[in-house]
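Here the structure comes first, spelled out in structure tokens, and everything after it is commentary.
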Amino acid sequence: MTALACQAARELTDNFFVSPAFPNSSVARQQVGNALYYVMRGEKTAEQALRDAYRNCGGK
């Protein structure tokens with residue numbers, strides 16, 4: 001089973017975009033996830049959610 005998982009991972013590696021992390025990149029990823037969550041639940045518009053995410057990442 002492990003061999004199959006390793007083979008699948010090798011085959012799929014080129015299908016994903018991965019960039020080096022930058023300072024606070026985990027915060028940015030979390031905030032974008034939060035924005036999507038709020039929009040999908042109808043709690044915020046996309047504009048409001050992204051504005052809040054930007055501010056939570058240190059933007060003005």
Side-chain angles (χ1 to χ4, degrees):
M1 187 65 159
T2 302
L4 290 174
C6 289
Q7 180 182 352
R10 259 193 314 275
E11 291 174 2
L12 295 174
T13 298
D14 291 336
N15 295 334
F16 295 95
F17 175 76
V18 179
S19 63
F22 55 89
N24 294 324
S25 64
S26 62
V27 174
R29 285 191 302 276
Q30 182 66 47
Q31 290 303 316
V32 169
N34 290 347
L36 181 60
Y37 173 81
Y38 291 127
V39 171
M40 296 301 291
R41 288 181 49 103
E43 296 179 22
K44 295 181 181 183
T45 66
E47 183 178 349
Q48 291 168 329
L50 291 173
R51 183 176 42 242
D52 290 347
Y54 180 72
R55 287 183 183 147
N56 290 338
C57 287
K60 296 181 181 185

Please table the atom pairs, donor to acceptor, closer than 3.5 Å between any side-chain atom in residues 34-43 and protein atoms at least two apart or in another chain.
unit_1	atom_1	unit_2	atom_2	d
N34	OD1	Q30	NE2	3.0
Y37	OH	R41	NE	3.4
Y37	OH	R41	NH1	3.4
R41	NE	E43	OE2	2.5
R41	NH2	E43	OE2	3.2

Exercise for the section: Kindly give the heavy-atom pair with the smallest separation between V27 and N56, and that separation in Å. Expected result: CG1-O, 4.1 Å
Problem - Closest contact, heavy atoms only, D52 versus Q31 - result: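 Closest pair (atom of D52, atom of Q31, distance): O-OE1, 4.5 Å.
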Fill in the blank from the handout: Taken in chain and number order and not counting sequence neighbours, the residues that satisfy salt bridge (charged side-chain N to carboxylate O under 4.0 Å, His left out) with R29 are none
Practice task
Name all residues meeting the side chain to side chain donor-acceptor pair (under 3.5 Å) criterion together with R55; count only those two or more places apart in sequence or in a different chain, and write none if there are none.
Solution key: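 With sequence neighbours excluded, R55 shows a side chain to side chain donor-acceptor pair (under 3.5 Å) to no residue whatsoever.
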